[in-house]
Amino acid sequence: MEHTQLVLLALLAGLLVGAAIVGLVVGALRARDRSMAQTAVDVPEGVEAMLDAMDDPAFVCDTSSTVLALSPAAEVFGVHAGEVIAAEELKRVARVARDTGSGISENLRLRRGAAPAEARLVAVRATPISARLTLLVLRDITERERVEEMRRDFVANTSHELKTPVGAVGLLAEAIESAADDPAQVRHFASRMQAEVTRLASLVNRIMSLSRLQASDELRDVRDVSIDEVVTAALEAYTVQADAAQVTVVRGGTKGLWVRGEPQILTEALGNLVANAIAYSPQGSKVGVGVKLDDTVVEIAVTDRGIGIPETDQHRVFERFYRADQARSRRTGGTGLGLSIVKHAVQRHGGEVRLWSRPERGSTFTIRLPMIEAPDLDTVRPKPRRKSRKTSTTPVPAKGDTA
């Protein structure tokens, strides 16, 4: 009996000792795994394939800020595999994410390439993927912020520009009411009110035109457009203005060129350039409108001999409400939207606007549009209706022909 008890006690003791040994081994293995996980610098499987498929700049770095893997787009920000991150801001974001153990997001100013490259506004997201490795994803939001800033400026500038004529109309209405017994004063104030109303209507129309151009990427009434007809319509619209300013408008260049687009929008765009050239030209000077073909591009140049634009301001001339001469624009009723409309109108037609200008020597704005082959007018010319059995011997001129 005692022998049996001793055997059982021995077995129990062996089991306890074995369990203790197994527990020690398992604990040691787990401690080893934890230590290896904390010290591992190998990029987890699948991460490199994910980075290769990303369009945004992204990379994985270790605790020494060395880049271990990256997406193709990451190199534009000076990030290269096997090298230490150059930007201190990125190092800091990666370190904070690693220390806290959770993802963080920040907006940073980073250069795309070496100085003097422009600093870009970049949204950075850092996420720990192990104790030693951190994934950083970058997204360039410069253009988005710029568009939002332009929208805010547009609203603020529009509100400011509308206040002036609206306030003037209100004051003139009060002045007319006060001078009701003086016909001469009433006529004077009524004339000024009419001028302010005209200015207000012009401003509203131009704001609506610009909004339509910016709201849609597609043109609505697209057809073959004769550049000759566009130039003729634009010049005729500002004949009175040119005569009043004692400015001569000279037309020349190649004829018979065609483009694809909306005639009304193109005519308005060219008309804005002609109107500006007349407004900023001295009395007795000339404004030239020339057309030529540059390979497969139609160029329409409007040249004046006015005040010119300083080189430091030339990048701003297509901004909304920008005026080269504030005093003259106020006097002539300029809205500061004409060139912005020109830029967007030409861009909608797949073209561009170029500027050459020198102070006191004048300016040249050139609209460049893709050329198309001239359409066969015989196929689109309508046949004359027969009013009787007799055939008329007098030919009926088609549109664009000379009778």
Side-chain angles (χ1 to χ4, degrees), residues 43 47-100 102-129 133-157 210 213-215 217 309-322 339-340 343-344 346-348 350-355:
V43 178
V47 172
E48 292 189 9
M50 177 194 68
L51 291 174
D52 288 337
M54 292 182 64
D55 293 330
D56 290 329
F59 60 91
V60 175
C61 65
D62 60 13
T63 54
S64 64
S65 298
T66 301
V67 179
L68 304 180
L70 72 164
S71 67
E75 293 187 352
V76 299
F77 285 100
V79 179
H80 303 283
E83 298 182 4
V84 177
I85 303 172
E88 293 296 330
E89 298 91 340
L90 291 178
K91 291 181 181 179
R92 178 183 56 79
V93 172
R95 183 171 59 253
V96 172
R98 187 170 56 251
D99 293 343
T100 59
S102 59
I104 64 169
S105 298
E106 284 192 24
N107 291 341
L108 305 176
R109 290 283 180 181
L110 302 175
R111 294 187 184 276
R112 297 187 61 168
E118 178 188 4
R120 311 284 292 182
L121 182 62
V122 181
V124 180
R125 173 72 179 178
T127 306
I129 58 177
L133 302 182
T134 307
L135 171 66
L136 285 87
V137 180
L138 288 63
R139 177 162 295 176
D140 191 338
I141 59 174
T142 305
E143 294 304 321
R144 188 181 72 186
E145 290 297 313
R146 185 173 297 170
V147 169
E148 179 63 21
E149 182 179 358
M150 289 175 60
R151 185 193 65 81
R152 291 193 298 266
D153 291 344
F154 180 63
V155 172
N157 290 336
L210 184 58
L213 289 172
Q214 292 180 314
D217 291 332
I309 303 169
E311 188 173 355
T312 55
D313 292 341
Q314 290 182 15
H315 68 285
R316 297 189 55 206
V317 296
F318 295 103
E319 294 179 5
R320 306 176 189 91
F321 301 109
Y322 173 83
L339 292 179
S340 184
K343 182 188 74 170
H344 286 89
V346 174
Q347 287 178 345
R348 287 293 179 268
E352 63 175 349
V353 184
R354 294 182 178 178
L355 167 63

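Residue numbers start at 1 and run along the sequence shown. Remember, it's a predicted structure, so these values are computed and weren't measured experimentally.
- When all heavy atoms of L138 and D56 are compared, the closest pair comes out as O-CB, 3.4 Å.
- Taking A58 as the reference, L51, M54, S71, V137 meet the side-chain contact (heavy atoms from CB on, under 4.5 Å) condition, with sequence neighbours excluded.
- How far CG of D55 is from CZ of R139: 9.5 Å, rounded to the nearest 0.5 Å.
- The main-chain N or O of V96 is found under 3.5 Å from a side-chain atom of T100 such that the two form a donor-acceptor pair.
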Evaluate the criterion side chain to side chain contact (heavy atoms under 4.5 Å, CB included) for residue pair L90 and F59; output intermediate values, then yes/no. CA-CA 11 Å; L90 291 178; F59 60 91; 4.2 Å; yes
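- A salt bridge does not link R92 with E89: every distance from a Lys NZ or Arg NE/NH1/NH2 to an Asp or Glu carboxylate oxygen is 4.0 Å or more.
- The CG atom of L108 lies 12.0 Å from the CD atom of E88; values are rounded to the nearest 0.5 Å.
- Annotation for D140 and L121: closest pair OD1-O, 3.4 Å, computed over non-hydrogen atoms.
- Across every non-hydrogen atom of P128 and A97, the tightest pair is CG-O, 3.1 Å.
- With contacts defined as side-chain heavy-atom distances shorter than 4.5 Å, the pair R120/V76 does not qualify.
- L133 and L68 make their closest contact through CD2-CD1, 3.4 Å (heavy atoms, listed as atom of the first residue, atom of the second, distance).
- Residues that satisfy the side-chain hydrogen bond (donor to acceptor under 3.5 Å, both in side chains) test with R109, not counting sequence neighbours, are absent from this structure.
- Under a cut-off of 6.0 angstrom, the local environment of CD in E106 is crowded, with over 12 non-hydrogen atoms contributed by other residues, nucleotides or ligands.
- Once rounded to the nearest 0.5 Å, the distance linking CD of E48 with CG of L70 reads 9.5 Å.
- Looking only at side-chain heavy atoms (C-beta outward), V79 and P57 stay at 4.5 Å or farther from each other.
- Shown here for A126 and L136, the closest heavy-atom pair between the two residues is CB-CG, 4.0 Å.
- Partners of T63 under the side-chain contact (heavy atoms from CB on, under 4.5 Å) rule, at least two apart in sequence or in another chain, are R98, R132.
- A pairwise comparison of heavy atoms in D62 and T66 identifies OD1-N, 3.0 Å as the closest pair.
- Here I309 contributes atom CD1 and L339 contributes atom CG; the two are 7.0 Å apart, rounded to the nearest 0.5 Å.
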